[in-house]
Amino acid sequence: MEKQNKLAIIPLGGLGEIGKNMTVIRYEDDIIILDSGLAFPEDDMLGIDLVIPDISYLLENQDKIRAVVITHGHEDHIGSLSYLLKQIDVPVYGTRLALGLAECRLKENGVANYKLVPVNPGDQISFGTIQVGFIRVCHSIPDAVGMYFKTPVGTIVHTGDFKIDYTPVDGKAMDIHKFAELGDEGVLVLMSDSTNAERPGFTKSERQVGIALDEAFHNAKGRILLATFASNVLRVQQAITSACKYGRKVAIIGRSMINVVNIATELGYLTVPEGVIIDIDEIKNYPGNQILILSTGSQGEPMSALTRMAMNDHRKIEISPSDTVIISATPIPGNEKSVSKTIDALLRLGAEVIHERSAGIHVSGHASQEELKLMLTLVRPQYFIPVHGEYRMLISHGKIAQELGVAKENIFIGSNGQVFEFSKEAGVVSGKLSGKVTSGKVFVDGLGVGDVGNIVMRDRSKLSQDGVLIVVITIDKASGSVVAGPDLVSRGFVYVRESGHLMVEAKQKVKQVLANCEANKVTEWAAIKGSVRDALSKFVYEKTRRSPMILPIIMEV
C-alpha cells in the first residue's frame with residue numbers, strides 16, 4: 001500500500017465465516033487491530049483444537065501497530081489474543097469484562113507480559129492519526145461495544161456484534177444516539193454485523209428469556225439443570241434471580257462456567273446474594289426442589305458437564321426422572337447432531353428437557369433485518385462493508401443496504417485478506433478493492449501452533465477413512481538382499497485375523513517387487529519404498545476398493 005493519504009481496512013478473519021474475527025484499520029504508518037478471535041474446528045479438521053487467523057501481515061508491519069481494541073469478551077473476538085501477544089508486544093484496550101475474560105485466557109496460555117487498558121463506553125482515545133471511540137451496544141454478553149475510527153480520510157463505524165434491545169436486563173440500553181450523531185457528522189464506511197441478515201423482523205429482548213425461565217422454574221418439581229453459554233452473564237443472572245425467588249441454591253459445574261461466574265461477580269456484572277452459591281458436593285444436603293445446577297454443554301461438546309451427565313459418566317451428578325434440564329442456547333451450525341444426541345440421552349434417563357425449539361428459553365444476541373435497517377438508516381454511510389458472517393449472510397446484508405439507498409458500487413462484499421482502500425483527493429473520497437494480503441487459517445493442535453498444515457491434514461483424513469498398512473522389511477547392508485520380512489501390520493484397514501488370505505497375497509506381491517529390485521540392482525531406499533508403495537496400493541485397491549496409507553519401513557542390518 002502506498003503511503004500517500006490512504007486509509008485501508010483489511011479483514012484477516014471473520015468475512016465469509018463465523019469466528020476468528022480480526023480486522024486491520026491502517027492509515028499511513030498507524031495500524032489498529034480490531035478484535036483477535038478464534039474459530040472452533042470443523043468436522044474435517046481432525047485432531048485440531050482451535051483455528052486462529054494468519055497474522056503474517058501484522059508480523060511484517062509490527063512496528064506500525066499502535067493498539068488492539070476489543071469489542072467484547074466472546075472467544076471469537078478475544079480467543080487468539082494469547083497467540084498474537086506472544087509475538088507482538090502491543091497494548092490491548094477493551095471494557096472491563098472483556099479484559100477480565102481475556103486476562104484469564106492469557107494466564108492459562110502462559111503469556112507473561114501484557115498490557116490491558118480498560119475503557120468505558122463513551123471514551124475516545126487517539127492512536128497517532130487515528131481516533132478510536134467506544135459506543136455501548138447490546139449483545140449476549142455485557143459490556144459489548146461498537147467503535148468508530150476517525151481518520152484524515154473519513155470516519156469508519158464498526159457496529160461490533162449487536163442487537164437493539166429496548167429492555168436490556170442490566171438496564172444499559174444501546175447508545176443509538178451516538179450512531180445517529182456520527183451519521184449526522186458524516187460516515188465514510190459502515191461495517192455491520194451480518195449474522196442474522198437472513199432473519200426477518202426483530203430479535204427478541206433477552207428479558208423474554210427471563211420470563212420463560214421463571215415459568216420453567218415455577219413448574220419444575222425436582223432439580224433444575226440449566227445449560228447455557230458461560231459468557232451469557234445476563235442469562236446466568238436471570239437464572240440466579242429465579243433460583244432465589246423459588247428458594248433454590250445454585251451449584252456451578254464446568255470450568256468455563258466457574259471462571260466466568262467468578263470474574264463477572266468480582267467485576268460487579270453478576271449480583272449473587274450471600275449463601276446462594278454452594279459447592280457441587282453440597283447438593284446432596286438439599287431436596288431436589290431446592291437446587292439449580294448451572295452447567296456448560298449447551299452445544300453437546302463431548303467432554304462438557306451436561307454431555308457427561310447425559311451419558312451417565314459424571315463423577316458428581318446422576319440424572320434422575322424428577323430432573324428438569326433446560327438447554328438455553330441454539331446449536332451453532334455443525335453442532336446440531338451432538339445437541340440432539342445429548343437431548344435424546346437425557347430423555348432416555350427420564351428427565352424433562354426444555355430446549356430452544358420447544359420453548360422461548362433462548363434469543364439471539366444478533367440484530368435481525370429490521371434492526372440492521374435501523375442501523376443503516378441512522379449511520380447513512382457512503383460505503384458499506386457487511387462483516388461477521390458467512391458469504392450468503394454478507395450478500396443478504398448487502399441487498400438490505402441497497403434497498404435503503406446505498407449505491408450498489410459502494411457496497412463491498414469481501415473476503416479475508418482483501419484490502420479495502422479509501423483515498424481523498426480535492427476533498428472527494430473514493431473507495432476501491434486494492435489487492436490482497438496474506439490471510440488464512442492457522443491450526444492449533446495441542447502446543448503446536450501452525451505446525452499442522454494441509455499435508456498433515458490430508459494424511460489424517462486418509463488415515464481416518466481407510467487406515468494404514470505398514471510394510472516392514474529388513475535388508476542386509478553389505479549384500480542388499482532381504483534377510484527378514486516383509487511383515488505387514490494393519491491399523492484401521494482390515495482385521496488381520498479375518499483377512500489372512502489377503503495378507504498372504506499382499507506379502508507375495510511385496511516379495512515380487514523386492515526380487516525385481518534385487519535383480520535390477522536397485523539399492524536406493526527411496527526407489528525400493530516407492531516400488532513397494534505403488535504395487536501394494538494397486539493390489540489392495542483391486543482387491544478391496546480401499547486406499548489405505550501404505551507405509552514401507554526398511555531396516556538395515
With sequence neighbours left out, the residues meeting side-chain hydrogen bond (donor to acceptor under 3.5 Å, both in side chains) with H158 are none

Roughly how far apart are E318 CD and M309 CE, rounded to 0.5 Å? 12.0 Å

Decide side-chain contact (heavy atoms from CB on, under 4.5 Å) for S231 and E75; before the verdict, give the C-alpha distance in whole Å, the side-chain angles of both, and the deciding distance to 0.1 Å. CA-CA 9 Å; S231 61; E75 288 290 312; over 6 Å; no

Between S140 and N232, a side-chain donor and acceptor under 3.5 Å: no

Donor-acceptor contact present, side-chain N262 to main-chain N259, <3.5 Å: no

For T23 versus M191, what's the shortest heavy-atom pair and its separation? CG2-CE, 3.9 Å

Indicate yes or no: at least one non-hydrogen side-chain atom of H139 is less than 4.5 angstrom from one of F162. no

Roughly how far apart are M393 CE and D193 CG, rounded to 0.5 Å? 10.0 Å

Ignoring hydrogens and geometry beyond distance, is a side-chain donor-acceptor pair present between Y269 and Q237 at under 3.5 Å? no

Side chains of I164 and E370 in contact at under 4.5 Å (non-hydrogen atoms): no

Which one of V132, I70, I125, L99 satisfies the side-chain contact (heavy atoms from CB on, under 4.5 Å) criterion with Y93? I125

Side chains of D165 and S205, donor plus acceptor under 3.5 Å: yes

When you compare the side chain of I413 with that of Y391, does any pair of heavy atoms fall below 4.5 Å? yes

Is the backbone of G275 close enough, under 3.5 Å, to the side chain of K249 for a donor and an acceptor to pair up by distance? yes

Under the criterion side-chain contact (heavy atoms from CB on, under 4.5 Å), I'd like the reasoning laid out for L101 against I141: C-alpha separation, chi angles, the key distance, then a yes or no. CA-CA 11 Å; L101 296 171; I141 186 171; 3.8 Å; yes

Measure the CD1-CD1 distance between I293 and I278 for me, rounded to the nearest 0.5 Å. 8.5 Å

Donor-acceptor pair, R207 side chain versus T167 backbone, under 3.5 Å? yes

Give a yes or no answer on whether the side chain of E352 reaches the backbone of P321 with a donor-acceptor pair at less than 3.5 Å. no

Can you confirm whether E103 sits close enough to I263 that some side-chain heavy atom of one is under 4.5 Å from a side-chain heavy atom of the other? no

Roughly how far apart are I258 CD1 and I252 CD1, rounded to 0.5 Å? 7.0 Å

For A310 against L349, the heavy-atom pair lying closest together: O-CD1, 3.4 Å

What's the shortest heavy-atom distance between A197 and L372, and which atoms? CA-CD1, 3.6 Å

Is the backbone N or O of S368 less than 3.5 Å from a side-chain atom of T203, with the two atoms forming a donor-acceptor pair by type? yes

Should we count CG of D279 as having more than 12 external heavy atoms under 6.0 Å? yes

Angle class for the H388/H366 ring planes (parallel below 30°, perpendicular above 60°, tilted otherwise)? tilted

More than 12 non-hydrogen atoms from neighbouring residues, nucleotides or ligands closer than 6.0 Å to CD on E215, yes or no? no

Got a sec: does the OH of Y246 have more than 12 other heavy atoms crowding it under 6.0 Å? yes

Check the surroundings of atom NZ in K86: do more than 12 heavy atoms from other residues, nucleotides or ligands lie under 6.0 Å from it? yes

Kindly give the heavy-atom pair with the smallest separation between A401 and L376, and that separation in Å. CA-CD1, 3.8 Å

CA sep, side-chain torsions, deciding dist, call: I317, I283, side-chain contact (heavy atoms from CB on, under 4.5 Å): CA-CA 9 Å; I317 297 170; I283 62 173; 4.2 Å; yes

Using only atom types and a distance under 3.5 Å, with no angle test, would you say the side chain of D35 pairs donor to acceptor with the backbone of T71? yes

Side-chain touch T228/M257, heavy atoms, less than 4.5 angstrom: yes

List the residues meeting side-chain hydrogen bond (donor to acceptor under 3.5 Å, both in side chains) with N196, not counting sequence neighbours, and say none if there are none. S364

Should the ring pair H77 and H72 be called parallel, tilted or perpendicular, given that the plane angle runs from 0 to 90° and is split at 30 and 60? tilted

Compare every heavy atom of G398 with every heavy atom of P386, then report the nearest pair and how far apart it is. CG-N, 4.2 Å

Any donor and acceptor pair, going by atom type alone, linking the side chain of T95 with main-chain N or O of D143 inside 3.5 Å? yes

4.5 Å side-chain heavy-atom contact, F179 and I135: yes

Separation of Q299 CD from E336 CD (nearest 0.5 Å): 9.0 Å

For the pair L12 and V24, evaluate side-chain contact (heavy atoms from CB on, under 4.5 Å) and give the outcome as yes or no after the intermediate values. CA-CA 7 Å; L12 296 180; V24 173; 3.8 Å; yes

Polar side chain donor-acceptor pair, S36 to S80, under 3.5 angstrom: yes

So if I apply the side-chain hydrogen bond (donor to acceptor under 3.5 Å, both in side chains) rule between S328 and each of R235, H355, Q238, H362, which one comes out positive? R235

Go through the structure and list residues passing salt bridge (charged side-chain N to carboxylate O under 4.0 Å, His left out) with K163, not counting sequence neighbours. none

Minimum heavy-atom separation for G19 and D76, please, with both atom names. CA-CB, 3.8 Å

Taken to the nearest 0.5 Å, the spacing of I224 CD1 from N289 CG works out to 9.5 Å

With side chains defined as the heavy atoms from C-beta onward, is the minimum distance between I277 and E282 less than 4.5 Å? no

Test side-chain contact (heavy atoms from CB on, under 4.5 Å), reference V68, set L34, I33, I32, output is I33

K204 (side chain) donor-acceptor with F202 (main chain) under 3.5 angstrom: no

Heavy-atom side-chain contact between L106 and L116 under 4.5 Å: yes

Heavy atoms of other groups near D123 CG, more than 12 under 6.0 Å: yes

Does either side chain, that of S82 or that of N109, offer a donor lying less than 3.5 Å from an acceptor on the other one? yes

Within the side chain of R96, is there an N or O that forms a donor-acceptor pair under 3.5 Å with the backbone of L267? yes

Keeping Q87 on the side-chain end and L84 on the backbone end, is there a donor-acceptor pair under 3.5 Å? no

